[in-house]
Each structure stands twice: as structure tokens, then as C-alpha cells.
Protein chains: 2
Amino acid sequence: MSEEIERSLKLFKALSHPTRLKILAMCLDKELSSKEIRRSLNISKPLLISHIKKLVDAELLECRVEFDREKSIVRKYYKTKENLTIDLTDLLRKIKTKQI
Amino acid sequence: MSEEIERSLKLFKALSHPTRLKILAMCLDKELSSKEIRRSLNISKPLLISHIKKLVDAELLECRVEFDREKSIVRKYYKTKENLTIDLTDLLRKIKTKQI
DNA sequence: TATTTGGGTAAAATTTTATTTACCCATTAT
DNA sequence: ATAATGGGTAAATAAAATTTTACCCAAATA
């Protein structure tokens, strides 16, 4: 299967879970730490990390890493990418004409 | 969970399978019977029927039913809906502002 | 010092999806 | 008459995704 189909499938799968849609909605306008996200969602740490991984992997969520020199720890902030539109007909036409 | 979120999830789940993307691509320009679809995909009948159900349920694929009076049988033809675009940012903003 | 908190991993358990198998019926072809 | 074809359902099985559990570490706090 082509790269582009795999990318599209990853995108659609990432969007196929209510919690992940909520995470994207939360991080629309300002970046949030996983702690802040978790407070709103009330889910376990491993579960949140797993959801976040899928969103970042699908290029829906951006991760900014900050290094706190004082405390020698890394802090991660998440923000939803902007202008997310999917032209489905275009994707399907590419699949049909074997462009991808 | 709201109706609209459930509808969106159904849409994304329907799009999360390579075979279903192929079916949509095939039925872009002309309607096809399940027989014609199956010939191209080489999958079992029950499996195709299951995929088609999900696509129709997600309102991605339209089904036209024809009744052949001579032979007393129904024939079904499938065609992908047109102008399928998903405004993800808009959906997420609705979720955020609890409009849905 | 013992415990809580933030952030994380690995693996087991659970749930959901996908796929196959075994059927059904009616029509057409051998 | 028998086999093949189109179209379908129900249930069992296989595979994939989700969620929990049990851990790890370092820093802050009671």
C-alpha cells in the first residue's frame, strides 16, 4: 500500500476516538501540558500518553519540548495544528487513478 | 455523547480501512453493483457486504435499489457521494464550544 | 523518611473490528 | 438433476485497538 494511503488511514484512525477529538478540541487555541489535558479528561496517564502519541503521529497535534535548566527536566506542550481540512474526493480520485 | 460527534466518529471509522477507501474510489464516477466491486477487490461476499454497510451507514456511499419485475429480484447499485470535504477545525471548534 | 506528583514504559487484559465459515434462497448454466 | 452464481444472514474466529495494571525515575511535600 502506498505511503499516502497509509498516512490517510493513520489520520482517520486517529480521528476515530471521542477522547482524541476532545484532546484536539482542547488544544485548538492554546498549547496545553499533558497534566492540564489529563485534569479535564480524567483518564489514566498511560492512556493519555497513548492517545497523544497517535495524534502526534498522525500530524494532527504538535509537540513543543521545553528544557528547564534549573530543574533539569523536560516539559512538553501540545497544540492542535491549524487549518485542518480533508478533501476526501481528491484523496479518492488519487487512489482511483493510482496516483498514490 | 452528542449526535454530531457520533456521526463524525462513524465517518472517520468508515474511512479507516484500505478496502473501504478503495470501494469509495471505485464508485466515484459511476455506480457499481456489489458483483462488480467484488470482482475488483477479490474479497468474500460477507466481508464486502459488511464494508458496504459501514460506508452507507456513514453516508459516504449511496445505494440505489432497482426492482427487476421480469425476474422478481432486486438489484442494488452503489455510488460515492459527491463533494466530500471535512472541515476538521470547524468540527473541533464546535466540540470545544459545546455547540455539539 | 514516607508519600505524593509529573511523566513515562511494558505487558497483560479487555473490548471492538475484521474476517471466515457455514449456512439460506432463487436463478442460470451444464 | 446437479452445479455454479448472485445476494444475503448468523455465528465463530482472528486480528487490532483500547484500557488497565504494574512498574520506573526524579522532584516536591507532609
Side-chain angles (χ1 to χ4, degrees), chain A residues 1 5-24 26-27 31-58 60-79, chain B residues 1 5-6 8-24 26-27 31-58 60-61 63-79:
Chain A
M1 207 172 357
I5 295 183
E6 306 238 25
R7 271 206 312 122
S8 300
L9 288 174
K10 197 176 272 186
L11 175 75
F12 295 133
K13 284 183 186 182
L15 291 168
S16 298
H17 197 289
T19 301
R20 291 197 289 266
L21 289 183
K22 281 178 203 157
I23 293 171
L24 290 176
M26 291 174 66
C27 300
E31 54 179 30
L32 298 175
S33 65
S34 67
K35 173 181 44 162
E36 295 170 298
I37 299 171
R38 213 153 82 73
R39 240 201 311 268
S40 304
L41 293 177
N42 242 45
I43 57 176
S44 70
K45 271 183 296 185
L47 188 49
L48 178 62
I49 289 169
S50 149
H51 283 318
I52 285 178
K53 261 185 196 155
K54 283 172 192 183
L55 290 171
V56 171
D57 211 42
L60 286 161
L61 195 66
E62 284 176 320
C63 175
R64 182 174 66 82
V65 180
E66 198 181 79
F67 185 65
D68 189 331
R69 293 197 176 279
E70 312 288 309
K71 305 182 178 173
S72 289
I73 57 171
V74 292
R75 288 216 183 73
K76 292 180 181 175
Y77 296 94
Y78 301 96
K79 185 158 185 326
Chain B
M1 206 173 357
I5 296 183
E6 305 238 26
S8 301
L9 289 174
K10 195 175 273 185
L11 174 75
F12 295 134
K13 284 183 186 181
L15 292 168
S16 298
H17 198 289
T19 301
R20 290 197 289 266
L21 290 183
K22 282 177 204 157
I23 293 171
L24 290 176
M26 291 174 66
C27 300
E31 55 178 28
L32 298 175
S33 66
S34 68
K35 173 182 42 163
E36 294 170 300
I37 299 171
R38 213 154 81 74
R39 237 199 315 264
S40 305
L41 293 178
N42 242 44
I43 58 175
S44 69
K45 272 184 296 182
L47 188 50
L48 177 63
I49 290 169
S50 148
H51 283 317
I52 284 179
K53 260 186 195 155
K54 282 172 191 182
L55 290 171
V56 171
D57 210 41
L60 286 162
L61 195 65
C63 176
R64 182 173 67 83
V65 180
E66 199 180 79
F67 185 66
D68 188 333
R69 293 198 175 279
E70 312 289 309
K71 304 183 178 172
S72 288
I73 56 169
V74 291
R75 288 217 182 73
K76 292 180 181 174
Y77 296 95
Y78 300 96
K79 184 158 186 324

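Side chains included, hydrogens not; waters and symmetry mates left out as well; all remaining heavy atoms used. Keep in mind it's a predicted model, so treat the numbers as computed, not measured. Naming: A, B, ... by sequence-line order, numbering from 1 per chain.
In this structure, A:H51 reaches the D:dT19 phosphate: one of its side-chain N or O atoms is under 4.0 Å from OP1 or OP2. When the side-chain nitrogen and oxygen atoms of B:R20 are compared with OP1 and OP2 of C:dA18, one or more of them lie within a distance under 4.0 Å. For A:K53 and C:dT9, the shortest distance from a side-chain N or O to OP1 or OP2 is below 4.0 Å. Put simply, A:K76 has no side-chain N or O that comes within less than 4.0 Å of OP1 or OP2 on C:dG7. Of the side-chain N and O atoms in A:H17, one or more sit less than 4.0 angstrom from OP1 or OP2 of D:dT19.
Residue B:P46 places its side chain closer to C:dA22 than to any other of C:dG7, D:dG7, C:dA22. The A:K54 side chain lies nearest to D:dA17 when the options are D:dA17, C:dA18, D:dG8.
The separation between B:N42 atom CG and C:dT20 atom P is 11 Å, rounded to whole Å. Separating the CZ atom of A:F67 from the P atom of C:dG7 is a distance of 15 Å, rounded to the nearest angstrom. The CD1 atom of A:I43 sits 15 Å away from the P atom of C:dG6 (whole-angstrom rounding). Rounded to an integer number of Å, the gap from CG of A:L55 to P of D:dT18 is 10 Å. Counting to the nearest Å, the C1' atom of D:dA4 and the NZ atom of B:K35 are 14 Å from each other. Whole-Å rounding puts the A:L32 CG to C:dG6 P distance at 15 Å. Here D:dA17 presents its P atom at 12 Å from NZ of B:K13, a figure rounded to the nearest Å. Between the P atom of C:dA22 and the CG atom of B:L47 lies a distance of 16 Å, rounded to the nearest Å.
In terms of polar N and O atoms assigned as donor or acceptor, the side chain of B:K45 comes within less than 3.5 Å of the base of D:dG7 in a complementary pairing.
If you find the closest nucleotide of DNA chain D to A:S44 and to B:R39, the one lying nearer the 5' end belongs to B:R39. Nucleotides of DNA chain D nearest to A:S16 and A:S72 differ in position, and the one nearer the 5' end is that of A:S16.
Using bins of under 30°, 30° to 60° and over 60° for the plane-to-plane angle, the ring pair B:F12/A:F12 lands in the parallel bin.
When all heavy atoms of B:E36 and B:E31 are compared, the pair lying nearest together is OE1-O, 4.5 Å. Scanning all heavy atoms of the two residues, the minimum distance from A:L9 to B:S16 falls at CD2-C, 3.6 Å. Listed here is the closest heavy atom pair of B:K10 and B:A58: O-CB, 3.8 Å.
A:S33 comes within contact range of no nucleotide atom at all, as no heavy-atom separation falls under 4.0 Å.
Using a distance-only test at 3.5 Å, with no hydrogens or angles considered, no donor-acceptor pair links the side chain of B:R75 to the main chain of B:F67.
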